[in-house]
Amino acid sequence: QVRLVESGGGLVQAGGSLTLSCVGSGSIFRIKTAGWYRQAPGKQRDLAATITPAGSTNYADSVKGRFAISRDNTKDTVYLPMNSLKPDDTATYYCTLPGVGWGQGTQVTVSS
């Protein structure tokens with residue numbers, strides 16, 4: 001079992017930046033792929049980005065070139081720096097170890 005705690009969400013103007021962090025508990029964190037998903041009001045939860053334990057990354061087309069997922073396995077932490085934010089990026093962002101667990105989510109709101 002793993003506990004995931006996200007932080008870093010907030011309100012930002014379009015074009016601005018935020019960095020989300022997710023700290024995991026338990027040794028399993030560093031041997032599993034980690035990811036960020038997001039869910040806008042009334043919509044399904046969709047992938048934003050994933051990163052393998054070795055650092056290979058995958059992104060949704062909508063965030064490529066603007067978001068850059070990374071991880072620090074010594075700190076059991078995964079990061080999601082987000083640049084050039086758009087109102088369409090407004091959502092609750094969830095950290096996950098797929099198949100293992102989810103965080104509680106952190107809200108990101110981008111104003112136009």
Side-chain angles (χ1 to χ4, degrees):
Q1 191 172 358
V2 66
R3 182 169 179 256
L4 302 170
V5 179
E6 303 102 332
S7 62
L11 173 64
V12 65
Q13 288 188 331
S17 301
L18 284 173
T19 295
L20 306 182
S21 300
C22 172
V23 180
S25 65
S27 58
I28 194 174
F29 184 91
R30 59 194 64 184
I31 64 171
K32 298 289 287 185
T33 292
W36 288 95
Y37 281 66
R38 61 186 187 176
Q39 187 168 19
K43 296 187 177 180
Q44 67 181 21
R45 191 174 297 187
D46 289 327
L47 168 74
T50 60
I51 185 167
T52 68
S56 296
T57 58
N58 180 53
Y59 295 95
D61 288 343
S62 59
V63 308
K64 281 181 182 177
R66 301 187 298 120
F67 294 9
I69 192 171
S70 64
R71 68 191 296 164
D72 185 340
N73 289 333
T74 67
K75 298 180 179 179
D76 291 340
T77 302
V78 61
Y79 303 98
L80 188 68
M82 306 181 294
N83 298 307
S84 302
L85 283 162
K86 307 174 182 180
D88 284 349
D89 295 318
T90 294
T92 302
Y93 284 70
Y94 296 91
C95 175
T96 183
L97 268 58
V100 179
W102 293 86
Q104 81 287 353
T106 186
Q107 179 66 37
V108 172
T109 302
V110 185
S111 63
S112 57

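Computed from a predicted structure; not experimentally measured.
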Checklist entry - Taking the six-membered ring for Trp, are the ring centroids of Y37 and W102 within less than 6.0 Å of each other? => result yes
Next on the checklist: So which atom in G105 and which in E6 form the shortest heavy-atom distance, rounded to 0.1 Å?
Outcome noted: N-OE1, 2.9 Å
Next on the checklist: Within the 4.5 Å heavy-atom criterion, are D76 and R30 side-chain neighbours or not?
Outcome noted: yes
Checklist entry - Is any side-chain heavy atom of Q39 closer than 4.5 Å to a side-chain heavy atom of D46? => result no
Checklist entry - For residues 13-112, which residue pairs qualify under disulfide (SG to SG under 2.5 Å), counting only residues two or more places apart or in two chains? => result C22-C95
Checklist entry - So, do R45 and Y94 sit near enough that their side-chain heavy atoms are less than 4.5 Å apart? => result yes
Next on the checklist: Side-chain heavy atoms nearer than 4.5 Å, only ILVMFWY residues, links allowed to pass through others: does that put V23 and F29 together?
Outcome noted: no
Checklist outcome for this item: All heavy atoms of T50 vs all of I69, minimum pair found to be O-CG2, 3.6 Å
Checklist entry - What are the two closest heavy atoms between A91 and A40, and how far apart are they? => result CB-N, 3.8 Å
Next on the checklist: Is there a side chain to side chain contact (heavy atoms under 4.5 Å, CB included) between T106 and L20? Walk through the geometry before answering.
Outcome noted: CA-CA 8 Å; T106 186; L20 306 182; 4.0 Å; yes
Next on the checklist: Out of the candidates V63, T96, N58, only one should pair with L47 under the side chain to side chain contact (heavy atoms under 4.5 Å, CB included) rule; please name it.
Outcome noted: N58
Item to check | R66 to Y59 six-membered ring, cation-pi geometry met (6.0 Å, 45°) | outcome: no
Checklist entry - Do the side-chain N and O atoms of D72 and T77 include a donor-acceptor pair separated by under 3.5 angstrom? => result no
Checklist entry - Where do I51 and S70 come nearest, in terms of heavy atoms and distance? => result CD1-CA, 3.7 Å
Checklist entry - Do you see a donor-acceptor pair shorter than 3.5 Å between the side chains of S62 and R38? => result yes
Checklist entry - Looking at side-chain heavy atoms only, is the closest gap between V108 and L18 below 4.5 Å? => result yes
Checklist entry - Does the side chain of Q107 come under 3.5 Å of the side chain of T92 through a donor N or O and an acceptor N or O? => result yes
Checklist entry - Which atoms form the tightest heavy-atom contact between S21 and Y79, and what is the distance? => result OG-CD2, 3.4 Å
Checklist entry - Any chain of hydrophobic side-chain contacts (each under 4.5 Å) joining V78 to V100? => result yes
Checklist entry - Thinking salt bridges, do D61 and K64 make one under a 4.0 Å N-O criterion? => result yes
Checklist entry - Counting only N and O atoms by type, is there a donor-acceptor contact under 3.5 Å from the side chain of R71 to the main-chain atoms of T52? => result yes
Item to check | pair L4-L97: side-chain heavy atoms closer than 4.5 Å | outcome: yes
Next on the checklist: Just so I know, are the side chains of P87 and Q13 near enough to count as touching, which here means a heavy-atom distance under 4.5 Å?
Outcome noted: no
Checklist entry - Given side chains that start at C-beta, do those of L11 and V110 come closer than 4.5 Å, heavy atoms only? => result no
Checklist entry - Is any side-chain heavy atom of L80 closer than 4.5 Å to a side-chain heavy atom of T19? => result no
